[in-house]
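Worksheet: one structure, shown below.
By convention in this document, chain letters (A, B, ...) are assigned in the order of the sequence lines, proteins followed by strands, and residues within each chain are numbered from 1.
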Amino acid sequence: MNCRTALDELTAYLDGELDAATASAVRGHLRLCPACRTVAEDHAAIRDGLAELERPDPAPAVWAGVLARLGEAEIDDARRSRWARWFDRVRPHLLPAGLATAACAAAVLFMHLRSDDAGGAPAPSASTWAHDAPQGPAPSRREAAYGGGQRRELATQVPVEVAPPPAPRPTVDASAELAGEVARLEEVFRTTTAELLPLARAEQRGAAVQRFDRDVAALEAAVVRAPAGKARDQAWHALVSFLERSALGEAAARVAVNR
Amino acid sequence: MATPVLDDRELVAACQRGERRAMEAIYHQYKRRVFGLCHRIVGPGEAEEVAQDVFVRVFRGLGNFRGDSQLGTWVYRLAVNAALTHAGKQRRRAEIGDDDHLAQVAAPAAMQRDPRLSDRVEAAMARLPAGYRAILVLHDVEGLSHEECAAILDCRVGTSKSQLHKARGKMRELLGPALAAERDLGRHAGVAAADRPAEAE
Amino acid sequence: MMAIVFATLAGSAAADPPRGETDGEVVERGELTVAPSRRPIRAVVVDNALGDVRVEGHDGDNVSIVSVKHAPEVDTLERLRVTLVTDPDGTVRLTTALGDGRERPLAALAGLRIDLTIRVPRAARVEARIGSGRLEVKNVDGGADLDAGAGSIQVVNVAGAVVARSVDGDQRFTTVFGDLDAHAIDADLALDTIRGRSLSAQIHSGSIDARRVASRDVRLYAIDGDIHVDAETGGGGGGPWRGAIVVSSLRGNVEVAVRSTVRLKVRARAGGRVVFAGAASRAGRDRWVEGQFGHAGRPSQLGTIRLESRYGDVAFSVVNP
C-alpha cells in the first residue's frame, strides 16, 4: 500500500469501517510511514475532539418561543382562505402524482397567497454540498485532507500510537459501575466453584473421578465460551449446580451436565 | 395503566390533534440534538432562533410525516436544512460586509483563551463551510452512522463518507499547530505504549 | 420484517406530565402498547439491568409497557433507553440500555434506574433478566425463564414450566402449576403451593422453605442451609400418588412433613440425629434409617422419600390431611 491509498482509506480506517485485510494493510503502512502516521494521529485527534464536544441545552425560552410561533401560525391559518388551505393540503399529493400542470396552474392561481414553509420536511437537495462548498477554487480531495501534513518535516522516528478505531458504541452496561457489578457476581460464581470442587471430587470413586473431571472441564469450557450476559450466567449456574449435586453425592448430577 | 399509551406514531398522531404534552415530549426528546446541530452550524448567536424555527417546522409538518423514516431522522433532516439555509443567508450577509458576524463565527478569542483541544476543535469547526460542519456534527459529534447521515442529508452513503474525509482534512489544516502540540503531549505520555496499534488488530 | 421502536417511551398525552423533577431527581414515565400483528403475542423477553421488572398476565391480546426512569438530572435521564423489538413469530423483546453519552462520562449509577411494568397476554411465555432490582411475574400461563443476579425473583400464580436463577437474590414462588427449577447461590428460596410434575430447587448458601408442595418429583438441595418441606401427596388429581421426594443438605438440617394417606417408604441418614415421627433413631453418616408410613394404595403406588444431611439433623413426619 502506498501513501495515497493509505490516506484515502484513513477516515474509513479510523472509523473502523474497513475489512480486516485492508485495515491491516493501512496499519502496516502507518507503521512504516511516519508522515502518514502523523496525518493519522491528527485525524484521530480531530475525531476524538469532536466526539468530546458538549451538546448544549437550549434555554427554556426556546420552547416558549416555539409555542408562541405555533400559535401565530395557526392564527394565520385561520385567516387564510379556504382555497389556500385546500391547496396546502393537496400540494404534497399533486406533485408526486405527476400532476405538475395542475400544480403550476394552482401555483399561478394562488401566487398571491403567503407561502407556508412549515409544510413537511423539504427534502435536502443535492445542492446541499455545492451550496456550502468551500469558497474559492475547491481544493482537490488530497489537498483538502492532507495539505498541511504532507509539507511538514518528519518530527521523529519514534513509533507513536495511532488510536485504534473506536469500539462500537455500547448500548448496555455503559458504566464502569454496572461492569463492576457483573464482575462481582462472576467472583461469587468463581469462589463458589473453588469451594465446591474439592468437596465434589472427593465424592467420586474409581472411574467416576475421570468422568467427573471431564464433566467439570466441559462445563468450565462452556462458561469461557459463553458470551457475557445471560448465556454466561446460565453456564455458571450449570457448573455450580453440577458441583453442588456432586458434592451431595447425587447420581442425578450427570443429568444436569447432559441437559 | 389508566392513561393512554403511545409510541412514536401515536405520539405524532397526538401532536396532530394538538395535544400539548405529546408535543412537549417530542421537543424534550430532540431539543439537544436540534439545538446542538444549529449551534454548530449557524453559531451560538442565532442557534436558538433557528432551533425554534426547526421545531415550528416539525410541529407544522407532522401532518405530512408518513412514518416511512424514523422520526429522529426526519427531525434531523429538518434541522440540517434549516441550519444550512440559515448559514447560507449568514454567508451572503457576510459577503456584503458583515464583519462582526465573521468574527463571531470564527471565534478566535475562544481559541486563545482555552487550551483544551476540544475548544480549539469547536472554534476550528466554526470556520469550516457549513456543509462540512453538518457532516462533522452528524457523524462525529452525534455519532450517527454514514447510512443515517446519508438519509438525513439526502445524499449517497459514499458522498457522506467522502465529505467526512474532506471535512476532517480541512479541520486538520485549520488546527495545524494545536494538533502538533497535542502530538507532542501524546508522545511524552505515550511512548511506553508505542506498539499499541498491534494490539488493536 | 421486525419492527423496532426506540421507546424512549417519550412521555405521552397522559394525565401526568411526562417528566417530573424533585430534589436531586428527575423522573420520566412513558407508556406504550404493542398490539399483535399477524400472530398472537406468544412470548415476552425482557432484559433490564437497570431496575425492576414486573410482568403481569391479563386477558387481552396486547402487551403494554410502562417505563419509569429515574435519574439525578435530565442529561442522564435522556441516556436511559428502552428498546422494543417485535418479531413476526409473536415475540416481543424489551431491552433497556444506558446510552453512552459521549459528551460526559457517567459519574455513578446512584439514583439511576428504569423500572418496567409490563402486561402481557396470559398465555404468553415470559423470559426476563434483571441485574439487581426486583423481578416479579404474576398471572401468566405460558411459563417463565427468569434470571436475576443480585436481584430478587417473585413468581405468583404462574402455570407452565418455570426456571429461575439468581446469584444472591432471594426467590419466592407462590402457586406455580407446572415444573419448577430454581437455583441460587447465596439466597433464600421460599415456595408455597407448587403443583407440577417436577420441582427442583437448589441453593449453595441459604435456606429452602417449601410449603404445600404437591409435585410428583421433588428434589431440594442445599450445601450450606436448612431445608424445610411441607409436602402433600394428593397428586393433584385425587388418584394414588406415586412419586419421590429427595431432600439433601450438606451442612444444614432437613425437616420434612408430608400430608399423606398413601404408603410412603422413607430412608434417611444424618451426621446428627434422624427423627422419624417424633422418635429419634441412632444415626450416623453412613447408616440409613428406614421406615414405612401409611397403608393405603398398592405397593406399586408407593411414594419414596430420601432425606440426608451430612452434618446436620433430619426430621420426618406424616400428617393426616
Nearest-0.5 Å distance that lies between atom CG in A:Leu14 and atom NE2 in B:His165:
10.0 Å
Please say whether more than 12 non-hydrogen atoms of neighbouring residues, nucleotides or ligands are located less than 6.0 Å from CZ in A:Arg184.
yes
How long is the gap from CD on B:Gln52 to CG on A:Leu70, to the nearest 0.5 Å?
9.5 Å
For a 4.5 angstrom cut-off between non-hydrogen side-chain atoms, does B:His146 reach A:Glu17?
yes
What orientation do B:Phe59 and A:Trp63 show, parallel under 30°, tilted 30 to 60°, or perpendicular over 60°?
perpendicular
Is there side-chain contact between A:Leu50 and B:Glu142, with at least one heavy-atom pair below 4.5 Å?
no
Report which part of B:Met23 has an atom under 4.5 Å of a heavy atom belonging to chain A: side chain, backbone, both, or neither.
both
Rounded to the nearest 0.5 Å, what separates atom CG in A:Asp57 from atom NE2 in B:His28?
9.5 Å
Just so I know, are the side chains of B:Lys161 and A:Asp15 near enough to count as touching, which here means a heavy-atom distance under 4.5 Å?
no
I'd like to know if B:Asp140 and A:Arg47 make a salt bridge, using a cut-off of under 4.0 Å between side-chain N and carboxylate O.
no
Between A:Val62 and B:Glu49, is any pair of side-chain heavy atoms under 4.5 Å apart?
no
Do B:Val121 and A:Glu52 have side-chain heavy atoms sitting under 4.5 Å apart?
no
Output for pair (B:Lys166 NZ, A:Thr11 OG1), nearest 0.5 Å, gives 11.5 Å
Would you indicate whether the side-chain heavy atoms of B:Arg168 and A:Leu10 approach each other to under 4.5 Å?
no
Would you say the side chain of A:Pro58 lies within less than 4.5 Å of the side chain of B:Tyr27, judging by non-hydrogen atoms?
yes
Please answer whether the main-chain N or O of A:Ala59 pairs with a side-chain N or O of B:Glu48 as donor and acceptor at a distance below 3.5 Å.
yes
Looking at A:Gly65, A:Gly28, A:Ala12, which one has more heavy-atom pairs under 4.5 Å with chain B than the rest?
A:Gly65
Are any of the side-chain heavy atoms of B:Arg40 and A:Leu53 separated by less than 4.5 Å?
yes
Tell me the closest heavy-atom pair linking A:Pro56 and B:Gly36, and the distance in Å.
CD-CA, 4.0 Å
